[in-house]
Amino acid sequence: QVQLVESGGGLVQAGGSLRLSCAASGNTFSTYDITWFRQAPGKEREFVAAVSRSLMTYYADSVKGRFTISRDNAQNTVYLQMNGLKPEDTAVYYCAADSFAPGYFSSSVYKSSLKYNYWGQGTQVTVSS
């Protein structure tokens with residue numbers, strides 16, 4: 001099992017930057033695939049970015065070129081660097097983790113919040129116009 005704790009959210013003006021962190025417990029962190037989702041008020045939870053245990057990265061079209069996901073297995077942490085923030089990025093951001101079979105981490109899997117067993121509590125990101 002793994003426990004996840006997000007941090008780094010806050011209030012920022014449009015065009016600004018934030019770096020979110022997702023810190024994990026346990027000594028098997030490197031075997032997990034990690035994904036960031038977000039949920040705005042009244043909307044469904046949506047995929048933002050993912051990094052596999054083999055260091056492949058994937059992004060939603062809405063954040064491609066602005067957000068960067070990375071992981072530091074020595075620190076048991078995944079980061080989401082968010083630049084060029086827009087008001088529509090306002091949401092609670094969650095990190096999720098699971099260990100998928102090799103070759104199974106396709107777009108139909110990593111984009112689905114239903115596939116993950118482990119979740120953090122979320123961190124609020126608010127972007128003012």
Side-chain angles (χ1 to χ4, degrees):
Q1 289 192 354
V2 63
Q3 293 183 323
L4 306 172
V5 178
E6 302 97 333
S7 62
L11 173 64
V12 64
Q13 289 187 334
S17 299
L18 285 173
R19 189 176 80 157
L20 305 184
S21 298
C22 173
S25 64
N27 57 6
T28 59
F29 177 74
S30 63
T31 67
Y32 285 86
D33 305 291
I34 311 291
T35 299
W36 286 96
F37 290 87
R38 66 186 181 187
Q39 188 165 19
K43 294 188 176 181
E44 293 186 354
R45 193 166 295 190
E46 65 174 1
F47 165 76
V48 177
V51 56
S52 72
R53 54 184 160 178
S54 61
L55 305 182
M56 295 293 292
T57 57
Y58 309 92
Y59 296 93
D61 288 343
S62 59
V63 307
K64 202 171 292 184
R66 299 187 298 123
F67 292 10
T68 302
I69 190 170
S70 61
R71 66 189 297 163
D72 183 342
N73 288 338
Q75 298 295 324
N76 279 15
T77 302
V78 167
Y79 302 99
L80 185 68
Q81 178 66 44
M82 305 187 296
N83 300 327
L85 283 162
K86 304 175 181 179
E88 51 264 44
D89 294 319
T90 296
V92 178
Y93 283 70
Y94 299 90
C95 64
D98 219 311
S99 186
F100 297 98
Y104 185 66
F105 201 55
S106 64
S107 61
S108 63
V109 172
Y110 61 73
K111 289 183 178 180
S112 172
S113 62
L114 300 177
K115 299 292 187 181
Y116 296 84
N117 285 307
Y118 306 106
W119 290 83
Q121 83 290 349
T123 186
Q124 176 71 47
V125 171
T126 303
V127 184
S128 63
S129 57

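The basis for the numbers below is simple: all heavy atoms, side chains too, and nothing from hydrogens, waters or symmetry mates. Numbers here are sequence positions counted from 1.
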To the nearest 0.5 Å, what is the distance between OG1 (T68) and CZ (R19)? 11.5 Å
Taken to the nearest 0.5 Å, the spacing of Q39 CD from Y93 OH works out to 12.0 Å
Per-pair distances, 0.1 Å, donor-acceptor, side chain in residues 117-129, under 3.5 Å, sequence neighbours excluded:
unit_1	atom_1	unit_2	atom_2	d
N117	ND2	D98	OD2	2.8
W119	NE1	Y116	O	3.2
Q121	NE2	E6	O	3.2
T123	OG1	G9	N	3.1
Q124	NE2	A91	O	3.4
Q124	NE2	T126	OG1	3.3

Before you tell me yes or no, could you show the steps for I34 and F29 under side chain to side chain contact (heavy atoms under 4.5 Å, CB included), namely the whole-Å CA-CA distance, both residues' side-chain angles and the distance that decides it to 0.1 Å? CA-CA 9 Å; I34 311 291; F29 177 74; 4.0 Å; yes
Indicate whether the side chain of S52 and that of D33 have a donor and an acceptor atom separated by less than 3.5 Å. no
Give the cluster check for F100 versus V2: same hydrophobic cluster or not, with ILVMFWY residues linked at side-chain heavy-atom distances below 4.5 Å. no
Quick check: is V92 connected to V63 through a chain of hydrophobic side chains (ILVMFWY, heavy atoms under 4.5 Å apart)? no
Do F67 and L85 come close enough that some side-chain heavy atom pair is under 4.5 Å? yes
Using the rule that Ile, Leu, Val, Met, Phe, Trp and Tyr join whenever any side-chain heavy atoms are under 4.5 Å apart, tell me whether V5 and F37 fall into a single cluster. no
Rounded to the nearest 0.5 Å, what separation is found between the CG atom of L4 and the OH atom of Y94? 13.0 Å
Distance, nearest 0.5 Å, that separates OH of Y104 from NZ of K115: 3.5 Å
If you draw the axis of the six-membered ring of Y59, does the NZ or CZ of R66 fall within 45° of it and under 6.0 Å from the ring centre? no
Looking at F105 versus Y110, is the centre-to-centre ring distance below 6.0 Å? yes
Hey, are D61 and K64 close enough for a salt bridge, meaning a charged N less than 4.0 Å from a carboxylate O? yes
The test is side chain to side chain contact (heavy atoms under 4.5 Å, CB included); show your working for R53 and S99 and say whether it passes. CA-CA 8 Å; R53 54 184 160 178; S99 186; 3.4 Å; yes
Give the cluster check for M82 versus L11: same hydrophobic cluster or not, with ILVMFWY residues linked at side-chain heavy-atom distances below 4.5 Å. no
Could you tell me which non-hydrogen atom of A49 sits nearest to which non-hydrogen atom of L80, and how far apart they are? CB-CD1, 4.1 Å
Heavy-atom nearest pair, W36 first then S21, reads CH2-O, 3.7 Å
I need the minimum non-hydrogen distance between G84 and S17, along with the two atoms involved. N-OG, 4.4 Å
With rounding to the nearest 0.5 Å, note down the distance linking CG in L55 to CG in N73. 7.0 Å
Side chain to side chain contact (heavy atoms under 4.5 Å, CB included) evaluation trace for S62 with R38: CA-CA 12 Å; S62 59; R38 66 186 181 187; 3.6 Å; yes
Going from OG1 on T28 to CD on Q1, what distance comes out if it is rounded to the nearest 0.5 angstrom? 10.0 Å
For a side-chain contact (heavy atoms from CB on, under 4.5 Å) with R71, tell me which candidate from N76, T77, T57, V78 qualifies. V78
Check step by step if side chain to side chain contact (heavy atoms under 4.5 Å, CB included) holds for Y58 and S107. CA-CA 8 Å; Y58 309 92; S107 61; over 6 Å; no
